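The structure appears below as structure tokens.
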Amino acid sequence: MNKLLFGILLAAAALGAAGCAGPGRAMQNGGEVTGSRSSAAVEPTPYGMVEIKRGFLKVGLAENDTLWGADIPAREISVDGFWMDQTEVTNSMYRRFVEWVRDSIIRERLADPSYGGDETFKIEVDRYGDPVTPYLNWAKPIPWRKPSEEAERAIESVYTYHPIDGTKMLDVAQLNYRYEIFDYEKAALRKYRLDPKQRNLNTDFETDPDEVVMISKDTAYIDDEGRIVRETIERPLSSLYDFLNTYIVNVYPDTTCWVNDFPNAQNETYMKLYFSSPAYNDYPVVGVTWEQAEAFCAWRTAYLMRGMGPQARYIQRYRLPTEIEWEYAARGKEGNPFPWTGMESKNNKGCYYANFKPDEGNYTDDGNLITSRTGIYGANSNGLYDMAGNVAEWTQTVYTEAGVAAMADLNPELRYNAAKEDPYVLKRKSVRGGSWKDPISFIRSAWRTWEYQNQPRSYIGFRCVRSKAGSVSKTK
């Protein structure tokens, strides 16, 4: 053995005697702690979303809106990066949610003896557990097998017939989606710690091990008449399950919003066709309440998580944007008053920048009467379409007159899950962006308005966001 090789072996033995190397990185220089290293999860751009980088924004208006007399609170804030849908959620996207709920009901009934469950008729599923039979209107082709009479009964059970004209249609009252949300933020509050010793760090006070801490949570169930019953219950804190909230939401949009919002107008065609006809596939979904938009976000998250394995724990859930995230994204990289540069509503060729009501009573001057297909107007500098006009958009923020003045200046948010027995005024949610029916003053990025969380409108839709899984430090 040569001297060089012998020296290397001696050095290796000495290093091994000093201690074992930790996972991901070896110890160095006499056993000094250098930290445990592992590979960070690489988060790809979510489908249909764009990245909004973290930054700074002066929210609101610098001066009072003298035209409308509206006081828009202004404040300097900072926002972390997030992903945002490039367009509003369309009819075709939301219809996928409705069809999933319909098919999940059918799947359960195919195995339910009360519906004549037939073991010989099996639903084939993909690797995520979703059905792929063509009879259930899924895209993947498989050999056709005629369903049994019992299976037909289960499938037909989600449909009904119009009592006057005999039209076959979905029984929308059955289309209920149940989901659960664990409130990580509430569970982290010190006052709700399960161990009484951790609730107060002030050593001048003795901990009461018998202290009863009351906790409220949302729950829901279907009663014997098939109605959704939502309750906010209060009980002594006992386990982490007290932070698990259960919701049941009927997911079908209220297509009658077109005639209820405009009682003296001929909008029956939109009521019948806007959501169901393929002609409107790429138009933004409307008639969706804030509660239904929240349910869509929960379903979209669950749909994403299937099959992801351990990496799923790094992925943040889909949700509605906060009011401030929405304005920050809408203003673009330059912080413009509108999603475009300048105060004019159209370019030098006379083309409008957005779908709104340019003049009193003239909805068509911008090329559209009601909503327009998403993405046909230019994107802002963040790559987002329709951040002004087309449809106004739900945010997850509870509406208050104080607005951002009552929030923190770091990722500001005001969120309140109103209980059923709360005053109706506490169920107002912030709505941003203006719509196809609004004048230009109402489609500015800073304009604030609201709607009740259970109220569907023909001019309110939504888009989803996702917090980024990681933040990277950088210097200027």
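Just so it is clear, the model here is predicted, and its values are computed rather than measured. Nothing fancy with the numbering, it's 1 onward along the sequence.
- Note that CD of Glu291 and CD1 of Ile248 are 12.5 Å apart. Values are rounded to the nearest 0.5 Å.
- A salt bridge (Lys or Arg N to Asp or Glu O under 4.0 Å) with Arg432 holds for exactly one of Glu451, Glu323, Glu393, Glu325; it is Glu323.
- Here the side chain of Arg109 pairs no donor or acceptor atom with the backbone of Ile106 at under 3.5 angstrom.
- Between Lys420 and Lys427, the shortest heavy-atom contact is O-NZ, 3.0 Å.
- In the displayed structure, Asp165 atom CG is contacted under 6.0 Å by more than 12 heavy atoms of other residues, nucleotides or ligands.
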Open item on the list: Would Arg448 and Glu327 count as a salt bridge (charged side-chain N to carboxylate O under 4.0 Å, His left out) here? Give the steps.
Closed with: CA-CA 10 Å; Arg448 303 178 70 234; Glu327 181 175 339; over 6 Å; no
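- Between the side chain of Gln292 and the backbone N or O of Asn250 there is at least one donor-acceptor pair closer than 3.5 Å.
- The main-chain N or O of Gly55 is found under 3.5 Å from a side-chain atom of Tyr328 such that the two form a donor-acceptor pair.
- In this structure, the side chain of Asn382 engages the main chain of Ala329 through a donor-acceptor pair within 3.5 Å.
- Counted by atom type alone, Tyr352 and Asp365 present one or more donor-acceptor pairs between their side chains at under 3.5 Å.
- Within a 6.0 Å sphere centred on OH of Tyr424, heavy atoms belonging to other residues, nucleotides or ligands number more than 12.
- Arg317 CZ: more than 12 foreign heavy atoms inside a 6.0 Å radius.
- With no hydrogens or angles considered, a side-chain donor-acceptor pair links Asn362 and Thr364 at under 3.5 Å.
- For Lys346 and Glu344, the salt-bridge test fails: no basic side-chain N is under 4.0 Å from an acidic carboxylate O.
- Between the side chains of Glu413 and Thr397, at least one donor-acceptor pair of N or O atoms lies under 3.5 Å.
- Rounding to the nearest 0.5 Å gives a distance of 13.5 Å between OH of Tyr385 and CG of Asn390.
- Atom CD of Glu185 has 12 or fewer heavy atoms from other residues, nucleotides or ligands within 6.0 Å.
- For Glu268, the CD atom is loosely surrounded, since the number of other residues' heavy atoms within 6.0 Å does not exceed 12.
- By the 6.0 Å and 45° rule, Arg300 does not stack over the aromatic ring of Phe97.
- Using modelled atom types, one side-chain atom of Thr90 and one backbone atom of Met93 make a donor-acceptor pair closer than 3.5 Å.
- No donor-acceptor pair under 3.5 Å is formed between the side chain of Arg319 and the backbone N or O of Cys297.
- Side chain of Arg428 to main chain of Thr400: no donor-acceptor pair is present (N/O by atom type, distance under 3.5 Å, no hydrogens or angles).
- Each of Thr322, Asp80, Ile324 was evaluated against Asn411; a single residue qualifies, Asp80, per the side-chain contact (heavy atoms from CB on, under 4.5 Å) test.
- Met305 CE to Tyr318 OH: the interatomic distance, rounded to the nearest 0.5 Å, is 8.5 Å.
- Among the candidates Tyr177, Phe275, Tyr94, the single residue satisfying the ring pair (Phe, Tyr, Trp, His ring centres under 6.0 Å) test with Tyr252 is Phe275.
- Counted by atom type alone, Tyr377 and Ser372 present zero donor-acceptor pairs between their side chains at under 3.5 Å.
- Glu180 approaches Leu244 most closely through the heavy-atom pair OE1-CD2, 3.7 Å.
- Separating the CG atom in Leu304 from the CH2 atom in Trp299 is a distance of 11.0 Å, to the nearest 0.5 Å.
- Put simply, CG on Asp409 and CE on Met407 are 12.0 Å apart, with the number rounded to the nearest 0.5 Å.
- Between Trp436 and Phe262, the two ring planes are tilted [angle within 30° to 60°].
- Both tests pass for Lys168 against the ring of Tyr159: distance under 6.0 Å to the centre and angle within 45° of the axis.
- Checked by atom type, the side-chain pair Glu334/Ser381 shows a donor-acceptor distance below 3.5 Å.
- Residues Lys437 and Lys357 fail the side-chain proximity criterion, which asks for heavy atoms closer than 4.5 Å.
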